**Student:** 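Quick one: the structure is below, questions incoming.
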Number of protein chains: 2
Amino acid sequence: MVQIQTLSKNQKIILDIIEKANEPLKAYSILFNVQKKGIKAPLQVYRALEKLIKLGKIHKVESRNAFVACKNSNCEISKATVFSICETCEKVTEISNQKLSKYLKNFHDKTGMTYKKYNLEFYGLCTTCKRS
Amino acid sequence: MVQIQTLSKNQKIILDIIEKANEPLKAYSILFNVQKKGIKAPLQVYRALEKLIKLGKIHKVESRNAFVACKNSNCEISKATVFSICETCEKVTEISNQKLSKYLKNFHDKTGMTYKKYNLEFYGLCTTCKRS
DNA sequence: ATAACGTTTGTTATAATATAACATATTTGA
DNA sequence: TCAAATATGTTATATTATAACAAACGTTAT
Ligand SMILES: [Zn+2]
Ligand SMILES: [Zn+2]
Ligand SMILES: [Zn+2]
Ligand SMILES: [Zn+2]
């Protein structure tokens with residue numbers, strides 16, 4: 001049975017801001033942006049972020065402590081994320097590559113460990129920054 | 001020409017601690033451990049960490065804000081790291097897999113972005129935690 | 001040797017990121 | 001309808017990381 005999840009008020013507000021941004025947002029920058037809407041404390045932001053991550057609506061870009069909306073409809077509920085990050089302009093893009101996903105999903109090493117999730121971040125130069 | 005890099009006093013102290021630990025260490029736990037050796041301030045720790053990372057002696061486990069010694073001699077100076085992380089006991093292991101490394105190193109997407117580095121973290125259950 | 005340069009250190013203060021603890025309210029479902 | 005789960009509000013605090021400045025050290029080229 002597929003669970004239809006309705007978002008709470010705070011969750012909606014915060015998802016909305018993240019979706020409208022075209023860059024990863026930091027928690028305290030989100031907080032600043034929602035203070036006019038009555039969300040006053042860091043914890044309110046972090047709680048919403050945690051839930052949104054669980055639902056796969058957003059991802060955390062670990063190396064940047066920032067949050068982006070998931071643009072990838074077949075992204076398995078936050079369990080498998082791949083990002084490309086420009087080290088010059090900090091542009092972040094979620095990569096959706098079937099072959100790569102399949103490769104990583106099936107990866108297992110000799111230790112016998114079972115992998116439920118992964119996060120991959122590529123760092124480099126975007127085409128814009130390459131030109132300048 | 002291969003550059004022989006001699007570590008400074010603080011860098012040696014901190015690398016030593018990280019190498020002896022069998023788990024990722026957090027910056028402030030390192031700080032606590034080296035206070036008897038005269039390193040008193042966070043910045044002294046963070047500066048040494050930064051240098052050690054650049055030299056490829058240690059890596060940062062991004063999702064844990066923790067630092068581990070590199071166990072992988074053919075790890076290209078901090079440019080390509082793969083970790084397995086047990087979500088139950090937090091055991092972290094650096095994975096050295098030629099095939100995976102080659103695959104990721106050669107990965108490129110349609111955007112034309114050039115990747116200089118990557119970091120991959122697998123999350124799951126280690127064999128010990130699986131049993132209990 | 002010594003000046004110039006880059007690197008490292010020491011130090012104080014502060015910024016940025018994240019969680020603990022507790023009280024209350026709201027929603028969900030048997 | 002009432003218990004359980006989820007969400008909110010609030011204050012305080014913990015954790016992680018950097019800014020800014022001054023001094024010492026190490027290396028290299030005159
Ligand atoms: Zn996604
Ligand atoms: Zn760029
Ligand atoms: Zn390594
Ligand atoms: Zn484990």
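None of these values were measured; they are calculated from a predicted model. Residue numbering restarts at 1 for every chain, and letters A, B, ... go by the order of the sequence lines.
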**Student:** Would you mind telling me which residue lines up with the more 5' stretch of DNA chain D, K40(A) or P42(B), judged by nearest nucleotide?
**Tutor:**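 So the residue in question is K40(A).
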**Student:** What are the atom names and distances for every N/O pair under 3.5 Å that joins the protein to nucleotides 19-25 of chain D?
**Tutor:**
none

**Student:** For Q44(A) and dT8(D), is the shortest distance between a side-chain N/O and OP1 or OP2 below 4.0 Å?
**Tutor:**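 The answer is no; no side-chain N or O of Q44(A) sits under 4.0 Å from OP1 or OP2.
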**Student:** Taking OP1 and OP2 of dT16(D), is either one under 4.0 Å from a side-chain nitrogen or oxygen of N65(A)?
**Tutor:**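 For N65(A), the contact criterion (side-chain N or O under 4.0 Å from OP1 or OP2 of dT16(D)) is not met.
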**Student:** Rounded to whole Å, how long is the line connecting atom CG of L7(A) with atom P of dT28(C)?
**Tutor:**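 Rounding to the nearest Å, CG of L7(A) and P of dT28(C) are 12 Å apart.
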**Student:** Looking at K9(A), I'd like to know whether one of its side-chain N or O atoms comes within less than 4.0 Å of OP1 or OP2 on dT8(D).
**Tutor:**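 It does not, given that no N or O in the side chain of K9(A) lies less than 4.0 Å from OP1 or OP2 of dT8(D).
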**Student:** Linking I/L/V/M/F/W/Y whenever their side-chain heavy atoms sit closer than 4.5 Å, directly or via other members, would L52(B) and V45(B) fall into one cluster?
**Tutor:**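 Linked within one cluster.
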**Student:** Rounded to the nearest angstrom, tell me the gap between atom NZ in K60(B) and atom C1' in dT18(D).
**Tutor:**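 Roughly 12 Å, once rounded to whole Å.
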**Student:** Check this for me: does any side-chain nitrogen of one of R64(B) and E62(A) sit under 4.0 Å from a carboxylate oxygen of the other?
**Tutor:**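 Salt bridge between R64(B) and E62(A), a charged N being under 4.0 Å from a carboxylate O: no.
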**Student:** Does anything in residues 18-29 of chain B come within less than 4.0 Å of DNA chain D? Heavy atoms only, and list the residues if so.
**Tutor:**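 DNA chain D contact set from residues 18-29 of chain B: K26(B), Y28(B).
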**Student:** Examine dG10(C): is either OP1 or OP2 under 4.0 Å from a nitrogen or oxygen in the side chain of N10(B)? Give yes or no.
**Tutor:**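 So the side chain of N10(B) is within the cut-off, an N or O lying under 4.0 Å from OP1 or OP2 of dG10(C).
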**Student:** Can you tell me which residue pairs pass the side chain to side chain donor-acceptor pair (under 3.5 Å) test with a partner in residues 16-32 of chain B, sequence neighbours excluded?
**Tutor:**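 Sorted result for residues 16-32 of chain B: D16(B)-K20(B).
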**Student:** Tell me whether the side-chain N/O atoms of S8(B) come closer than 4.0 Å to OP1 or OP2 in dT7(C).
**Tutor:**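 For dT7(C), neither OP1 nor OP2 has a side-chain N or O of S8(B) closer than 4.0 Å.
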**Student:** Does a side-chain N or O from K37(B) land closer than 4.0 Å to OP1 or OP2 of dT9(C), or not?
**Tutor:**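 Result: no.
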